[in-house]
Amino acid sequence: MKLKQLMNNFLQDFLNKEKIEFRDWNISVNNKEGYGDYSSNIALKLAKILKKSPIEIAKKIADHQNTTKNIFTISASLPGFVNFHISDIYYQEILDQIINEAENFGKKKKLNKSANVEFVSSNPTGPLTVGHGRQAILGDMVSNILTWNGYDVTREYYYNDAGKQMRVLAESCYAKYAQLIGRDVEIPENGYVGKYLDEIAKKIVDRYGKDLKDNNSVFRDFTEKEIFTNIESTLDSIGIKFDVFTKEGTFYKNGAIKNVLEILKEKDLSYEKDGAVWFKTSSLDKDEDKVLVKSTGEPTYRLPDIAYHADKVDRGFDLIVDIFGADHIDTYPDVILGLKCLDKKTDHIKVIIHQFVTIKKGGEIVKMSTRKANFITLDELNDELSSDIIRYFFIMRGANSHLDFDLDLAKDESEKNPVYYLQYANARISNLLKRYDKEISGDEEIDYTLLKEKDEIALIKLLSEFPNKMEEVSHSLEPRKIATYLEDVAGAYHKFYGNHKVINLEDLNLSFARKKLCEATKIILKNGLSILGISAPERM
RNA sequence: GCCCCGGUAGCUCAGCUGGAUAGAGCAACGGAUUUCUAAUCCGUAGGUCACAGGUUCGAAUCCUGUCCGGGGUACCA
């Protein structure tokens, strides 16, 4: 980051001297050989304004007085790029910084800012499926990213304990109970039929006996509690814990929902039609109006969601992140609109929508629905795969791409999984460091300038980009980018390792410098993996 | 109907706030193994970036249209 600032300052200095008013340039990492480490398009952009050829401008910039020659030199190349050649010394010195700051390298200081990340938020109507798993892991990593970047993060789980779904669940549970004790009761239409309900029904028989009537609250409360306990233990097994659980029922009890309706009515943003209450979204740039309260008197999900979000905004977070499945794609804009109508701040709300997961099992795609019982649970996945692999698989694809999770492949070819590639690099280093201590006793003088091989510089260059990477990810909130970066680091390390001997009794100074490079690499791998919640084993 | 996502090597996908010769893994083929852990490395081969226009000095990337695939959605959430 400091480096980029120096390069920007240099360009700005040139512009100042030439009295040119201009901002729209960028500096990007350059992996092409012979064109330096970083390049800027500034001359190409300036060409039009100055009405001169880009290469002419680039050359002029390259000739501009550079007060930081020990850090970089500048050249121009066709069609008009300005190239920065970073000196080896700059990179070599970064190693010192990485090793000194260790687990804090690239980490932001506390910002004194708070963030709320809402995810999973699955209603307790059944076990978590692999679809929830994707969201759970995405949310957890996004939370980690924010924490790393200085936010005080609250992980929140919101669920509906009051709506129609829970009523249907209770009815389904009663039907299972009744069937178990010989009463002739059918599972309601659109009811839940999963096996987990049989087990719960059995528990109810054991605990409460056979005389319960269908309207007994046990069927709702006990079932909810059972399922919720199961959900929490599932999440726990992949290393996820929440700070706050919020129930929809709260907003009925405290009047918040009623309040939303009243405000909308006052502002003439709602009306009654066909026995339902409608949200006048058509007057707010929407194609059609949406229902807030059904003709049955039950609110749709929109209404409590608006009340809930208003509550989150009122709690004063500096950043609110909502992670939803693709089924919310049409609905969250209504919630945001609702907030605006209530005069709530909304520009600090980030919504991450992720596409669904399909599971391939035995070459066939399993279509999942909680209601029909043909889903694969997160627990089942967890039984067969390690938490590390599950975590990695779920973020290998961008959130808005469909994820085909091939179960057989994940199991059978688990040794080819990229997560091992990362972990292996770490294990290799760990082993090497142990070996080093055994074979070479006592430290030599540190001389980082001995690290001038191409593979060494390339590795350090990558390591030095870690803080930039984390900064970038704090805005994009894409954990996958960390994974991709770490794969690059591991790759560069394996390459270095393959081509150069670290322990060399003939040259202890070089050995020591290389050992330090290994240590720095390990720090970066560990820091990155810890944000992903993936372990960094010492041995494999 | 409306909305979202995708179409890049044989396969799975990166790259998409426009930049130099489009990358990686797997699969294929050839090499490195008395190893500082080969779960690795080196090399070869593999491409009309779905298609057609447009904007630009410059397009896989931005805009428009078309085709193909996946998904969501209606007083269920």
Side-chain angles (χ1 to χ4, degrees), chain A residues 24 26 28 30-35 39-41 44-45 47-48 53-54 77-81 83 121-123 125 159-160 163-165 168 190 248 273-278 287-288 290-302 304-305 324-331 333 353-356 358 365 370-371 396-402 404 406 409 413-425 427-436 438-440 475-476 480-481 483-484 487-488 490-491 493-504 511 514-515 518 539-540:
Chain A
D24 182 30
N26 66 37
S28 57
N30 198 347
N31 295 315
K32 307 255 178 328
E33 235 169 285
Y35 296 105
S39 300
S40 176
N41 61 354
L44 292 155
K45 293 274 184 191
K48 196 179 267 177
S53 86
S77 64
L78 282 168
F81 288 100
N83 305 313
S121 291
S122 161
N123 291 337
T125 56
Y159 70 97
N160 178 359
K164 185 182 168 190
Q165 296 305 312
V168 173
N190 286 326
E248 184 178 317
K273 193 183 91 183
D274 304 330
V277 178
W278 294 72
D287 291 341
E288 49 193 10
K290 299 287 171 63
V291 172
L292 289 170
V293 183
K294 289 181 262 174
S295 51
T296 59
E298 272 178 322
T300 61
Y301 58 89
R302 281 183 198 90
D305 246 33
F324 297 140
D327 51 345
H328 280 72
I329 247 162
D330 270 353
T331 71
I353 297 278
H354 69 86
Q355 299 295 317
F356 283 123
T358 43
I365 287 176
T370 308
R371 223 166 291 180
M396 267 167 68
R397 304 278 168 265
N400 54 14
S401 293
H402 289 271
D404 256 335
D406 191 326
L409 197 89
E413 300 198 86
S414 61
E415 292 197 348
K416 288 171 188 164
N417 192 297
V419 72
Y420 288 109
Y421 187 78
L422 302 183
Q423 293 180 323
Y424 183 61
R428 233 182 185 180
I429 294 171
S430 305
N431 190 65
L432 179 62
L433 293 178
K434 264 181 226 156
R435 185 101 184 197
Y436 183 97
K438 241 184 245 174
E439 296 196 18
I440 299 177
H475 296 117
S476 71
R480 183 176 50 81
K481 302 216 161 164
T484 311
E487 281 179 39
D488 289 344
Y493 182 77
H494 286 310
K495 192 177 170 126
F496 155 73
Y497 181 94
N499 291 336
H500 305 283
K501 211 82 168 138
V502 173
I503 298 172
N504 177 4
S511 297
R514 284 183 173 163
K515 179 202 171 194
C518 293
R539 300 182 65 96
M540 285 177 77

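Since the model is a prediction, treat every value here as computed from it, not as a measurement. Chain identifiers are assigned alphabetically (A, B, ...) following the order of the sequence lines, protein sequences preceding nucleic acid strands; residue numbering begins at 1 within each chain.
Rounded to a whole angstrom, the distance from the P atom of B/G46 to that of B/C62 is 29 Å. Between B/A50 and B/U56, the distance separating the two P atoms is 23 Å to the nearest Å. With both ends at atom P, the span from B/G30 to B/G18 equals 45 Å, rounded to whole Å. Straight-line distance between the C1' atoms of B/U8 and B/G47: roughly 8 Å, to the nearest whole Å. Comparing B/G10 with B/G71, their C1' atoms are spaced 27 Å from each other, to the whole Å. Comparing B/G58 with B/A20, their P atoms are spaced 15 Å from each other, to the whole Å.
Between the P atom of B/C13 and the CG atom of A/Asp404 lies a distance of 7 Å, rounded to the nearest Å. At whole-Å resolution of the value, CD in A/Glu487 and P in B/U12 are 18 Å apart. Atom pair A/Ile353:CD1 and B/G6:C1' shows a separation of 16 Å (rounding to whole Å applied). Rounded to an integer number of Å, the gap from CG of A/Asp327 to P of B/G71 is 14 Å. Between A/Tyr497 atom OH and B/C41 atom P there is a gap of 12 Å when expressed in whole angstrom units.
Under the 30°/60° scheme for interplanar angles, the aromatic rings of A/Tyr493 and A/Tyr497 are found to be tilted.
Rounding to the nearest 0.5 Å places CG of A/Asp274 at 15.0 Å from NZ of A/Lys294.
For A/His494 and A/Tyr421, the gap between ring centers is short of 6.0 Å.
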